[in-house]
Amino acid sequence: IVRQSGFEIDVQIKAKILLQEELEFIFPNRIYDFVWKVDNLFDEDYNPINFTKPNSIAKIYLPKKVPPNGILRKKIGD
């Protein structure tokens with residue numbers, strides 16, 4: 001997560017993310033960790049997209065505010 005403002009975050013993309021894929025949000029204080037199914041993705045100009053491209057910035061609107069210094073990854077396992 002490179003920027004956050006309210007419920008909006010900007011993410012530096014390292015691997016392709018698809019709509020409806022589950023992501024894990026991980027923070028230094030594990031109490032804030034959560035899993036979320038991607039229901040929106042936008043490019044840097046706020047155009048809706050169905051997937052991200054590596055080495056780009058994507059905007060995501062989350063159902064809740066997140067603390068600073070978080071990372072996200074594709075959910076692995078249950």
Side-chain angles (χ1 to χ4, degrees):
I1 299 173
V2 295
R3 187 189 68 80
Q4 58 209 59
S5 176
F7 295 91
E8 178 186 329
I9 61 170
D10 288 358
V11 179
Q12 175 68 50
I13 302 299
K14 302 292 184 186
K16 187 176 186 175
I17 297 173
L18 304 168
L19 282 175
Q20 303 305 313
E21 191 164 41
E22 286 191 326
L23 299 178
E24 292 180 295
F25 288 77
I26 302 164
F27 300 93
N29 185 343
R30 302 282 314 242
I31 195 167
Y32 297 110
D33 293 1
F34 68 99
V35 175
W36 177 71
K37 186 182 256 188
V38 178
D39 63 8
N40 68 83
L41 284 172
F42 298 89
D43 66 15
E44 289 184 89
D45 297 320
Y46 293 93
N47 297 309
I49 55 177
N50 293 321
F51 60 90
T52 63
K53 296 178 183 173
N55 302 313
S56 65
I57 300 285
K59 296 182 181 299
I60 300 174
Y61 292 93
L62 297 173
K64 61 183 178 180
K65 294 181 182 180
V66 294
N69 304 315
I71 61 170
L72 59 105
R73 69 179 179 191
K74 292 182 180 190
K75 185 174 184 294
I76 45 178
D78 289 325

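Computed over heavy atoms, backbone and side chain alike; hydrogens, waters and symmetry mates excluded. In this text, all values refer to a predicted model and were calculated from it rather than measured experimentally.
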Residue list, side chain to side chain donor-acceptor pair (under 3.5 Å) with D10, at least two apart or on another chain: R3, K59
Roughly how far, to the nearest 0.5 Å, is [atom2] of [Y] from [atom1] of [X]?
X: N47; Y: L41; atom1: CG; atom2: CG; result: 12.5 Å
X: F27; Y: D33; atom1: CZ; atom2: CG; result: 7.0 Å
X: T52; Y: I57; atom1: OG1; atom2: CD1; result: 11.0 Å
X: I71; Y: I26; atom1: CD1; atom2: CD1; result: 4.5 Å

F7 and Y61 aromatic centres sub-6.0 Å: no
Shortest non-hydrogen separation from [X] to [Y] and the atoms involved:
X: V2; Y: Q12; result: CG1-CB, 3.8 Å
X: P28; Y: P68; result: CD-O, 4.2 Å
X: V35; Y: E24; result: CG2-CG, 4.0 Å
X: P54; Y: K14; result: CB-O, 3.7 Å

Flag side-chain contact, heavy atom, 4.5 Å: V38 against L23: yes
Any side-chain heavy-atom pair of I9 and F25 under 4.5 Å: yes
By side-chain contact (heavy atoms from CB on, under 4.5 Å) - contacts of F51 (at least two apart): K16, L18, K53
Under the salt bridge (Lys or Arg N to Asp or Glu O under 4.0 Å) test, residues paired with K74 that sit two or more places apart: E21
Candidate pair L72 and I17, rule side chain to side chain contact (heavy atoms under 4.5 Å, CB included), full reasoning: CA-CA 11 Å; L72 59 105; I17 297 173; 4.1 Å; yes
Cation-aromatic face contact K64/F34, 6.0 Å, 45 degrees: yes
Common cluster, L62/I49, ILVMFWY with side-chain heavy-atom separation under 4.5 Å: yes
